Amino acid sequence: NNGKKIIRISHSQSSEHPDHIGLLAFEKYIEDRLGDKYDVQIYPNELLGASVKAIELVQTGAIDFAVASTGNLETFDDIYQIFSMPYLFTSTESYHKVMENTELMKSIYESTKSSGFETVTWLDAGTRNFYATTPINSPDDLKGKKMRVQASPTNVKMMEAFGAAAAPMNFGEVYTAIQQKVIDGAENNEFALTNNKHGEVAKYYTYDQHQMVPDMLIGNVKFLEGLSDEERKIFDEAAEECTRVERESWDEQSVTAKKQAEEMGVTFIYPDINLFKDKVKDLQQEIIDSNKKLKPIYDEIQKVNKEVDG
Ligand code: GCU
């Protein structure tokens, strides 16, 4: 590779997923400008390690970047608990507005710096909903069910509040776990059905809309701080470009994802969301009471919710 530094990026999605499309733009932006020095390589499908493992690889500098869901970042800094709060954002518009608030995000992005990594940008990952092998029309249908969650204590709590048993596991294990009836279902955006083929084994998807959880592109701090000012500027611009292209691809692919899932035989259910909200109504307050640093961020988000809701 002519003495070029190889930059390794890990993520858990397929190479058709918006995250990957965004990362290709990140790669191109950097290589177009600094291609004599850096060779960016993207590893999809948890090839370099799943969720928490991938974060640890970035932390130690074994790899340079990874895409991490905020649920999985929670054990590295509990500021990331904020995103796991069910029904935190009252609309997609509010969610996007909050994520675009760079000042607010800075405090979150830099929270893990002392442990070796930081967030450089966010990627849209839609709204999370339940899906299972049997229809979930109301929270009653979750009783006695075993549902997969991310490796996140808050998500475990949330799942239990909804009335199901929580089974934390890596994203890449979910398909087989459903197929082998180790779990009854999981919760995620619609892409899990199509891109990750979970719609082959779970035929009911319920729009309870409990979370909007972004994917974070995280980078090793030593690597980022070792860049010259000029290079760092290019990496920052590349990160912005990554988000722009990922979101464009997200919006495009969302239109077809649902149709595709229907063709796979998935039934979409539109429940009374208030029944689900009611189950977790005390959770936001409980989380804030147990983690004081969330309060200012939470208040800011409520302000945006109100502005958007009018
Ligand atoms: C989404 C997200 C992934 C995450 C996954 C999960 O698909 O894009 O980054 O790993 O959810 O539930 O683990």
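First listed ligand is number 1; within each ligand, the first listed atom is number 1. All values derive from a computational prediction rather than experimental measurement. FYI, side chains are in, hydrogens and waters are out, and symmetry mates aren't considered; it's all heavy atoms of this structure.
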### Query
Is Ile21 isolated, or which residues cluster with it under the ILVMFWY side-chain rule of less than 4.5 Å, directly or via members?
Val245
#### Entry: Residue pairs fulfilling ring-ring contact (aromatic ring centres under 6.0 Å, His included) with at least one residue in residues 229-249, sequence neighbours excluded
Tyr38-Phe235, Phe223-Phe235
### Phe130/Tyr204 under ring pair (Phe, Tyr, Trp, His ring centres under 6.0 Å): CA gap, chis, key distance, verdict
CA-CA 8 Å; Phe130 286 114; Tyr204 300 93; over 10 Å; no
### Message
Below 30° counts as parallel, above 60° as perpendicular, anything between as tilted: where do the rings of Tyr95 and Phe89 land?
### Response
tilted
### Task
Please name all residues satisfying side-chain contact (heavy atoms from CB on, under 4.5 Å) with Lys277, sequence neighbours left out, ordered by chain then number.
Tyr87, Ile273, Asn274
### Task
Determine, for Asp236 against Arg232, whether the closest basic-nitrogen to carboxylate-oxygen distance falls under 4.0 angstrom.
yes
### Task
Anything with a heavy atom under 4.0 Å from ligand 1 counts, so go ahead and list those protein residues by chain and number.
Ser12, Gln13, Ser69, Arg128, Arg148, Gln150, Phe171, Asn188, Asp215
